[in-house]
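As structure tokens, the structure follows; a few thoughts come after it.
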Amino acid sequence: MNANESEVLKVIKKYGFESQRVISMKTGLSLGNVNIIVNKLKDDGLFSNDNRLTEKAESIFEESKPRSAIILAAGYGMRMVPINLESPKGLLKINDETLIERIIKQLHEVHIQDIYVVVGFMKENYEFLIDEYNVKLICNSDYSIKNNLHSLYLAKEYLSNSYIIPCDIWCKNNLFNTEELDSWYMVSNEADEKSDVIVNKKKEIIRNKRNSPKNRMVGISYVNKTDSEMLVYRLSQLEADKDFDSCFWEEAAFINNKMIFNARIIDNNDVTEIDTYEQLREFSPRNALLKSAALDTIGETLGVKTDLIKDITVMKKGMTNRSFIFSCNGSRYIMRIPGEGTDMLIDRRQEYDVYEVLKGKDICDHNVYLNPENGYKITKFIENSRVCDPLCQEDLEKCMKKLVSFHNLHLKVNHSFEIFKLIDFYESLWNGKPSVYRDYKTTKENVLSLQAFISSQKKELSLTHIDAVPDNFLIYKDSDGNDKISLIDWEYAGMQDPHVDIAMFCIYALYDKAHIDNLIETYFRVSGKNLDEDTRTKIYCYVAACGLLWSNWCEYKSMLGVEFGEYSLIQYRYAKDFYKIVKERIDGSAVKPE
């Protein structure tokens with residue numbers, strides 16, 4: 001049975017048979033096509049000569065009847081910045097009704113009671129749904145590092161005759177049905193330049209990279225029992241491959257660039273996706289949620305009304321903060337909002353003091369506003385900039401020259417960044433929970449033992465960036481066409497040995513030893529200073545110590561529900577591997593491999 005035959009059969013099931021003309025009006029099919037389809041249904045034993053559905057047809061309807069729904073609500077909703085800080089996007093209210101509750105009520109209207117909600121970010125905020133609507137919550141603990149393909153995979157055992165629904169949509173009318181036959185995926189008749197799919201005459205959904213009009217993918221789908229088996233198989237395949245961690249679940253529904261479901265085409269006005277602040281403002285301009293302390297700060301700083309703050313787009317999620325780009329009065333800016341647990345990790349007053357020392361020295365980006373109390377920061381956006389490529393030697397030369405020129409200023413502030421004290425401090429934030437690493441105690445003791453060698457080396461303490469990693473070197477050209485580099489994000493900066501910046505660059509770039517040696521040698525070559533082997537060993541010590549420091553930091557962030565995947569594992573390996581390297585260099589002791 002093809003998609004058009006299914007549509008005709010569903011109309012007859014829902015409304016009875018009045019005439020082929022009525023069916024044509026309700027399906028959008030031509031009268032001639034309806035005539036052909038009705039005769040075909042009769043030939044197939046699904047529709048009788050007295051214009052009634054047969055027992056065979058009724059049996060097919062019963063077998064394909066919708067029985068459950070899976071609502072995907074685990075994600076950050078990062079594109080809703082700056083208003084997703086207190087509530088997840090599924091709980092955004094439109095006309096005093098949250099998006100997810102509207103979906104659940106519409107499902108109840110078509111007698112679907114088995115509803116599973118996959119939660120992650122701010123999962124506790126969804127807990128009330130259990131008592132209010134008798135839904136089941138499925139927790140996705142990897143929501144920060146995996147996309148909703150993983151969420152649907154977690155719900156795979158409930159995937160049979162099921163609707164799949166994103167939590168950030170608002171349906172004007174109820175688009176769910178008491179009866180379904182074939183599986184479908186919902187697309188809008190609106191052309192969408194961001195989409196890569198088209199619907200052909202057979203209602204097949206095809207990926208098409210050509211510059212032809214594309215259909216907007218809505219995200220709602222119905223999957224019958226037969227097709228759910230194929231979808232679960234595909235989900236399991238992709239779940240096992242890390243390359244698909246960032247993919248949407250729809251990736252599993254494509255085989256050879258064709259979706260395994262046909263299209264259900266709706267009018268663009270039937271469903272509104274509310275995935276960004278801009279979409280909410282356009283759809284519901286008087287919504288109380290549009291009020292935001294962050295936007296009020298922007299308005300006050302730039303002297304404008306908040307409705308003049310336009311083109312709000314989230315930046316790639318950082319490890320410490322949430323940031324978004326916006327336009328105002330013909331210029332673009334970045335607004336930084338501190339992330340989860342940041343108040344425990346960073347002293348914003350100290351950060352403010354650092355920026356005061358840096359003023360006028362052409363080192364960092366231009367701050368328009370910095371609040372030393374809550375950490376809100378507004379900076380001018382540097383157009384046509386890019387970050388340092390840690391595998392490009394030319395970039396390394398430029399960035400190390402910038403770093404050396406900063407170090408040579410020997411700037412001073414009244415606070416320091418004490419690595420070994422902070423190792424203990426970050427561990428204390430675990431609230432007595434043991435490390436996830438079984439040999440943590442031994443690893444920590446080994447790293448702490450390196451303090452003696454570090455203390456024995458000559459050091460000239462000065463303001464050190466601490467977070468001088470590849471992503472914080474912005475490379476661009478100024479208005480005169482001259483090459484420029486700005487070193488951004490000074491949250492962790494304090495008094496320290498400047499050589500710590502070399503180690504930090506290396507471990508964030510996930511360098512192996514050969515690349516680490518190359519960076520060390522590059523730094524000293526552009527500085528014009530000699531590199532002695534004790535200094536190299538000292539930097540290795542910093543690699544080990546800083547690796548443990550950020551590993552402990554990652555463990556704390558993990559307890560807040562923020563995961564960094566492979567990054568945290570590699571940091572812990574730096575602590576272990578470079579302790580061994582240092583030991584061998586200092587006293588030639590043999591450290592047994594694990």
Side-chain angles (χ1 to χ4, degrees), residues 334 350-367 370 377 379-417 419 457-509 511 515-532 535-536 538-539 542-543 546:
I334 298 173
Q350 291 179 355
E351 179 191 20
Y352 181 87
D353 292 343
V354 168
Y355 277 109
E356 286 296 300
V357 169
L358 294 173
K359 273 185 179 178
K361 295 181 172 60
D362 194 29
I363 297 171
C364 62
D365 49 341
H366 172 56
N367 275 352
L370 176 60
K377 183 176 75 164
T379 57
K380 287 291 293 286
F381 182 80
I382 300 175
E383 301 287 350
N384 302 314
S385 62
R386 64 178 179 85
V387 299
C388 170
D389 178 354
L391 299 180
C392 172
Q393 185 62 31
E394 183 179 353
D395 276 9
L396 295 185
E397 301 274 347
K398 292 177 181 178
C399 293
M400 289 305 101
K401 285 180 181 177
K402 182 71 175 182
L403 195 58
V404 166
S405 67
F406 158 60
H407 290 162
N408 286 343
L409 293 175
H410 303 295
L411 301 176
K412 307 292 181 184
V413 291
N414 293 323
H415 64 274
S416 60
F417 186 91
I419 297 171
Q457 300 302 301
K458 292 181 179 180
K459 297 181 290 295
E460 184 177 356
L461 301 185
S462 66
L463 178 61
T464 301
H465 187 284
I466 302 300
D467 203 19
V469 302
D471 286 359
N472 284 337
F473 287 88
L474 291 188
I475 303 172
Y476 61 101
K477 291 185 182 294
D478 64 17
S479 57
D480 296 323
N482 300 314
D483 289 335
K484 296 278 289 184
I485 295 180
S486 283
L487 186 49
I488 64 172
D489 291 352
W490 294 76
E491 297 170 292
Y492 294 94
M495 299 297 289
Q496 202 14 294
D497 178 357
H499 294 165
V500 167
D501 280 344
I502 304 172
M504 290 294 194
F505 187 105
C506 293
I507 65 176
Y508 188 89
Y511 277 166
H515 283 91
I516 289 175
D517 283 332
N518 177 65
L519 188 78
I520 294 171
E521 290 156 11
T522 299
Y523 176 91
F524 280 91
R525 183 170 62 254
V526 301
S527 73
K529 298 178 181 178
N530 293 326
L531 169 63
D532 60 73
T535 299
R536 187 192 297 268
K538 181 190 66 174
I539 296 171
Y542 290 145
V543 169
C546 294

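Note: hydrogens, waters and symmetry copies are ignored here, and every other heavy atom, side chains too, is used.
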Legend entry - Those residues that, when tested against Tyr542, pass ring pair (Phe, Tyr, Trp, His ring centres under 6.0 Å) (two or more places apart): none
Inset, instruction - Would you please name every residue forming a ring pair (Phe, Tyr, Trp, His ring centres under 6.0 Å) with His515, sequence neighbours left out? - result: Tyr511
Is any side-chain heavy atom of [Y] closer than 4.5 Å to one of [X]?
{"X": "Tyr492", "Y": "Met504", "result": "no"}
{"X": "Gln393", "Y": "Asn518", "result": "yes"}
{"X": "Phe473", "Y": "Val387", "result": "no"}
{"X": "Lys377", "Y": "Asp489", "result": "yes"}
{"X": "Pro498", "Y": "Thr464", "result": "yes"}
{"X": "Leu396", "Y": "Cys388", "result": "yes"}
{"X": "Asn367", "Y": "Tyr352", "result": "no"}

Side chain to side chain donor-acceptor pair (under 3.5 Å) partners of [X], counting only residues at least two apart:
{"X": "Lys477", "value": "Asp483"}
{"X": "Ser486", "value": "Tyr476"}
{"X": "His465", "value": "none"}
{"X": "Asp362", "value": "Lys484"}

More than 12 heavy atoms of other residues, nucleotides or ligands under 6.0 Å from [atom1] of [X]: yes or no?
{"X": "Lys361", "atom1": "NZ", "answer": "yes"}
{"X": "Asn384", "atom1": "CG", "answer": "no"}
{"X": "Asn530", "atom1": "CG", "answer": "no"}
{"X": "Phe381", "atom1": "CZ", "answer": "yes"}
{"X": "Glu383", "atom1": "CD", "answer": "yes"}

Legend entry - Atom of Ala503, atom of Ile539 and distance for their closest heavy-atom approach: CB-O, 4.1 Å
Legend entry - Test: Lys401 and Glu397 ion pair at under 4.0 Å: no
Legend entry - Electrostatic pair Asp395-Arg386, nearest N-O below 4.0 angstrom: yes
To the nearest 0.5 Å, how far apart are [atom1] in [X] and [atom2] in [Y]?
{"X": "His415", "Y": "Glu351", "atom1": "NE2", "atom2": "CD", "result": "9.0 Å"}
{"X": "Leu474", "Y": "Cys399", "atom1": "CG", "atom2": "SG", "result": "9.5 Å"}
{"X": "Ile516", "Y": "Ile520", "atom1": "CD1", "atom2": "CD1", "result": "7.0 Å"}
{"X": "Ser405", "Y": "Ile363", "atom1": "OG", "atom2": "CD1", "result": "6.5 Å"}
{"X": "Asp467", "Y": "Phe505", "atom1": "CG", "atom2": "CZ", "result": "11.5 Å"}
{"X": "Ile419", "Y": "Ile466", "atom1": "CD1", "atom2": "CD1", "result": "6.5 Å"}

Inset, instruction - Give the C-alpha distance, both sets of side-chain angles, the deciding distance and a yes or no for side-chain contact (heavy atoms from CB on, under 4.5 Å) between His366 and Ile382. - result: CA-CA 9 Å; His366 172 56; Ile382 300 175; over 6 Å; no
Inset, instruction - Could you go through the side-chain contact (heavy atoms from CB on, under 4.5 Å) check for Ile334 and Asp365 one step at a time? - result: CA-CA 11 Å; Ile334 298 173; Asp365 49 341; over 6 Å; no
Inset, instruction - Give the intermediate values and the outcome of side-chain contact (heavy atoms from CB on, under 4.5 Å) for residues Phe406 and Leu411. - result: CA-CA 8 Å; Phe406 158 60; Leu411 301 176; 4.1 Å; yes
Inset, instruction - For the pair His407 and Tyr523, name the ring-plane relationship: parallel under 30°, tilted 30 to 60°, perpendicular over 60°. - result: tilted
Say whether, by atom type as modelled, one donor and one acceptor occur between the side chain of [X] and the main chain of [Y] under 3.5 angstrom.
{"X": "Lys459", "Y": "Asp497", "answer": "no"}
{"X": "Asp478", "Y": "Asp480", "answer": "yes"}
{"X": "Lys412", "Y": "Met495", "answer": "no"}

